[in-house]
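Below is one structure, written out as structure tokens, with a few remarks after it.
Note that these values count all heavy atoms, side chains included, but never hydrogens, waters or copies made by symmetry.
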Amino acid sequence: MEPCNTIMSIKLRPYIALLPVILFLSCGRSLKDDNVFRYNEMGDVTSLDPAQARNFENIWADNQLYDGLIQTDDSFNIKPCIASKWEISTDGLTYTFHLRNDVFFQDNVVFSNGKGRKVIAKDFVFSFSRLLDPSVSDATSLLEKINTDYPASINGFSAPNDSIFVIHLKTPYAPFLHILLMKYFSVVPEEAVKNYGIDFGQNPLGTGPFKLVKWETGNAMVLKRNANYFEKDSVGNRLPYLNGVIISFLKDAETSFLEFMDGKFDMVSGINAINPRVAFTPDGQLRKEFSDKVYIQRTPFIKTDYLGFILNSKTISDALKNPLVRQAVSYSINREEIVRYLRYNTGIPAENGFTPPFLPGHGKITGYDYNPDKAAGLLKQAGYPNGQGLPPITLFVAAEDYALAEAIQAQLQNAGIKLKVETEQPAVLAEGVANGQCCFFKKSWIGDYPDPENFLSLFYSKSFSPGGINYTHYANPVFDSLYIRALSETNDSVRAAEYTHMDKIIMDAAPVIPLYYDEVVRLVNKRISGLPLDPQNSLDLRQVRKSKE
């Protein structure tokens, strides 16, 4: 079907009621729709407590409501946020942050006269301490390096005065600043957490550019501009520029995309939310007929999609325990074809190791490309010439990856490798992988923070699933030693070299087969300007402007 006919079919669909042009809020003032950023979230926002910032749905909403000590620019350079500056002790154990004195919590009834009070260092002591409670937070493992027994501190955190916040570590931990970039480490007021109790996630209160005014679960969420937000633009104008944000929760990707093309949303993000057959040419460019209404944004994503082998699974064959066979499988996969024909050129063939672009050490090693001759030689060396005698391999994938699995199945067939495909619902697949029941599986890893350690931690032997994230159950004492050493190495170039060495070890052992490094891809309404794009796929609306029709 031609794209124009598809778009015209919007007119034939039942009208989907979105929010009205003017929303009357509880404070009696109106939020005018002509200066509101609107997007659809197909997933569920489960909580607006930053201690529960475990998924993109929660993080994108939290990003509008909360701030932390530090932040990054589009190139992962760390810069101030609530902390105006900081120092790290020469032994790497003490982090001292100097706070701004002009940051206030949003107005709320929990404060005297309903006026938001100033953020002080004790607020960070409280906010970080609650993350140590596993009943409150998913971030407890991120704080394993905190010296919770440090004298004259509360759980390893101290506030010598209102403007200085100090963190004490047990051992040096080079990625620690990057850890603090995660939304978990936002500041929240103790008054609100105690007042709302377990309902704080539905009654969020932070310092961010917007504040929650309405949330109808499964329908819509409305955020309004925080007039007292502390950040300003380069010429002194107070941010944000927008009056507010409206988040809808349509579950159907096609419906969401059509609503975007009809102008009801300002952005659609991700290849699964975009209809590439309609919007893109075969080589992944935006079709000309849409270029007058929308524009495309794209950048490499710190995300690697891969196939993994559970090396000690009860169901894995002796053949797959042989790294030569696993290497042969990897050389038999044509990643360029997968990216070009299945993903409309969204992504980068993963031929340079497991860690994705933008991270230190990436591109320093050669991983696996499509090389049938090498695959044939490895199979012969392993005792399976042309695949003879090699038992069929079963690949477990989520239903949404079935087309990808079929393509891999055909490619392996050309190498004499028989592949069966089993599809599961995502939750069932995740449980099967974690419990070692799927000896060969498709999975992806999104960097929680922009450091190679986050990707290479998947192969640390003390992190076996289901208790940890080493899903392949790969174990190598040389790798472990390098991994531990890199954690405390403060010289960036030395750390990058150690990460490169670790990635090379993983590629040689082949417990995983990297397929592609994903890309962040968005379509944005041309009325929107100033929307930044970064490799973590953050949603930063502080300096977004929306022109009139």
Under 3.5 Å, sequence neighbours excluded: what are the donor-acceptor pairs made by side chains of residues 294-317?
| unit_1 | atom_1 | unit_2 | atom_2 | d |
| --- | --- | --- | --- | --- |
| Tyr295 | OH | Ile528 | O | 2.9 |
| Gln297 | NE2 | Leu531 | O | 2.8 |
| Arg298 | NH1 | Gly284 | O | 3.0 |
| Arg298 | NH2 | Asn345 | O | 3.2 |
| Arg298 | NH2 | Thr346 | OG1 | 3.2 |
| Arg298 | NH2 | Glu519 | OE1 | 3.3 |
| Lys303 | NZ | Asp305 | OD1 | 2.6 |
| Lys303 | NZ | Asp305 | OD2 | 3.4 |
| Lys303 | NZ | Asp518 | OD2 | 3.0 |
| Thr304 | OG1 | Phe354 | O | 2.8 |
| Asp305 | OD2 | Lys442 | NZ | 2.9 |
| Asp305 | OD2 | Tyr516 | OH | 3.2 |
| Asn312 | OD1 | His473 | ND1 | 2.8 |
| Asn312 | ND2 | His473 | ND1 | 3.1 |
| Ser313 | OG | Thr315 | N | 3.1 |
| Ser313 | OG | Thr315 | OG1 | 2.9 |
| Ser313 | OG | Gly436 | O | 3.0 |
| Ser317 | OG | Leu320 | N | 3.3 |

Using a 3.5 Å distance criterion without hydrogens, assess whether the side chain of Gln64 forms a donor-acceptor pair with backbone atoms of Trp60.
yes
Judged by atom type as modelled, is there a donor-acceptor pair below 3.5 Å linking the side chain of Asp283 to the main-chain atoms of Tyr344?
no
Got a second to check how far Asp401's CG is from Leu429's CG, nearest 0.5 Å?
8.5 Å
ring-ring contact (aromatic ring centres under 6.0 Å, His included) partners for His168, two or more places apart
Tyr150
Working note: Ser461 + Asp480, criterion side chain to side chain donor-acceptor pair (under 3.5 Å); need CA distance, chi angles, decisive distance, verdict.
CA-CA 7 Å; Ser461 67; Asp480 286 353; 2.3 Å; yes
Residue pairs fulfilling salt bridge (Lys or Arg N to Asp or Glu O under 4.0 Å) with at least one residue in residues 420-438, sequence neighbours excluded:
none
Derivation and outcome, ring-ring contact (aromatic ring centres under 6.0 Å, His included), residues Tyr483 and Tyr460:
CA-CA 7 Å; Tyr483 177 78; Tyr460 181 49; 4.7 Å; yes
Check salt bridge (Lys or Arg N to Asp or Glu O under 4.0 Å) between Glu57 and all other residues, then give those that pass, not counting sequence neighbours.
none
Does Trp445 reach the main-chain N or O of Asn454 with its side chain, forming a donor-acceptor pair under 3.5 Å?
yes
Could you list all the side-chain hydrogen bond (donor to acceptor under 3.5 Å, both in side chains) pairs where at least one residue sits in residues 136-149, not counting sequence neighbours?
Arg54-Asp138
Which atoms form the tightest heavy-atom contact between Ala415 and Ser332, and what is the distance?
CB-OG, 3.4 Å
Residues Phe76 and His178: closest non-hydrogen pair is O-NE2, 4.5 Å
Mind checking salt bridge (Lys or Arg N to Asp or Glu O under 4.0 Å) for Asp318 and listing every partner two or more places apart, or none if nothing turns up?
Lys321
When you measure from the side chain of Thr500 to the backbone of Ala496, do you find a donor-acceptor pair of N or O atoms at a distance under 3.5 Å?
yes
Sequence neighbours excluded, which residues qualify as ring-ring contact (aromatic ring centres under 6.0 Å, His included) partners of Phe479?
none
What's the shortest heavy-atom distance between Arg522 and Ser538, and which atoms?
NH2-O, 2.6 Å
Please walk me through it: do Asp49 and Ser47 pass side chain to side chain donor-acceptor pair (under 3.5 Å)?
CA-CA 5 Å; Asp49 182 346; Ser47 173; 5.2 Å; no
Report the C-alpha separation of Asn58 and Asp62 in whole Å, then their side-chain angles, then the decisive distance to 0.1 Å, and conclude whether the side chain to side chain donor-acceptor pair (under 3.5 Å) test is met.
CA-CA 6 Å; Asn58 290 6; Asp62 286 343; 5.6 Å; no
Decide yes or no for Ser269 and Val521: does some side-chain heavy atom of the first lie under 4.5 Å from some side-chain heavy atom of the second?
no
Is there a donor-acceptor pair closer than 3.5 Å between any side-chain N or O of Asn386 and the backbone N or O of Gln388?
no
So Phe260 and Leu523, do their side chains get closer than 4.5 Å, heavy atoms only?
yes
Sequence neighbours excluded, which residues qualify as salt bridge (Lys or Arg N to Asp or Glu O under 4.0 Å) partners of Asp44?
Lys251
Working to the nearest 0.5 angstrom, can you tell me the gap between Asn40 CG and Asp252 CG?
9.5 Å
Please list all pairs passing the salt bridge (Lys or Arg N to Asp or Glu O under 4.0 Å) test where one or both residues lie in residues 481-505, with sequence neighbours left out.
Asp451-Arg495, Arg485-Glu498, Lys504-Asp508
Can you give me the closest heavy-atom contact between Met261 and Phe290, atom names plus distance?
CE-CD2, 3.4 Å
Show every salt bridge (Lys or Arg N to Asp or Glu O under 4.0 Å) that has at least one partner inside residues 323-340, sequence neighbours left out.
none
Ignoring hydrogens and angles, tell me if any N or O in the side chain of Ser465 forms a donor-acceptor pair with the backbone of Ile469 under 3.5 Å.
no
Without swapping roles, check the side chain of Gln71 against the backbone of Pro80 for a donor-acceptor pair under 3.5 Å.
yes
Run the ring-centre check on Phe128 versus Phe157 and record whether the distance is less than 6.0 Å.
yes
Nearest 0.5 Å, please: how far is CZ in Phe459 from CE in Met502?
11.5 Å
Might you work through the side chain to side chain contact (heavy atoms under 4.5 Å, CB included) test for Ile505 and Val478, ending with a clear yes or no?
CA-CA 9 Å; Ile505 290 173; Val478 175; 4.1 Å; yes
Output side-chain donor-acceptor pairs under 3.5 Å for residues 365-384, partner residues at least two apart or in another chain, one line each.
| unit_1 | atom_1 | unit_2 | atom_2 | d |
| --- | --- | --- | --- | --- |
| Tyr368 | OH | Met507 | O | 2.5 |
| Asn371 | OD1 | Asp373 | N | 3.4 |
| Asn371 | OD1 | Lys374 | N | 3.0 |

Where do Tyr474 and Val512 land on the side chain to side chain contact (heavy atoms under 4.5 Å, CB included) test, with the steps shown first?
CA-CA 10 Å; Tyr474 174 76; Val512 291; over 6 Å; no
Side chain Asn77, main chain Lys79, donor-acceptor under 3.5 Å:
no
Minimum heavy-atom distance between Pro204 and Tyr66, given as atom pair plus value:
CB-OH, 3.0 Å
Rounded at 0.5 Å granularity, tell me how far CG in Asn414 sits from CG in Leu412.
8.5 Å
Counting only pairs under 3.5 Å, give me each side-chain donor-acceptor contact of residues 402-411, with atom names and distances, residues two or more places apart or in other chains.
| unit_1 | atom_1 | unit_2 | atom_2 | d |
| --- | --- | --- | --- | --- |
| Tyr402 | OH | Glu406 | OE2 | 3.4 |
| Gln409 | NE2 | Leu419 | O | 2.7 |
| Gln411 | OE1 | Asn334 | N | 2.8 |
| Gln411 | NE2 | Asn334 | O | 3.4 |

Least distance between heavy atoms, Met221 atom then Phe249 atom
N-CE1, 3.9 Å
Exercise: do Ser463 and Asn470 side chains pair donor with acceptor under 3.5 Å
no
Mind checking whether Tyr95 and Phe97 have parallel, tilted or perpendicular rings, split at 30° and 60°?
parallel
Quick one: pull up OG1 in Thr355 and OH in Tyr499 and give me the separation to the nearest 0.5 Å.
10.5 Å
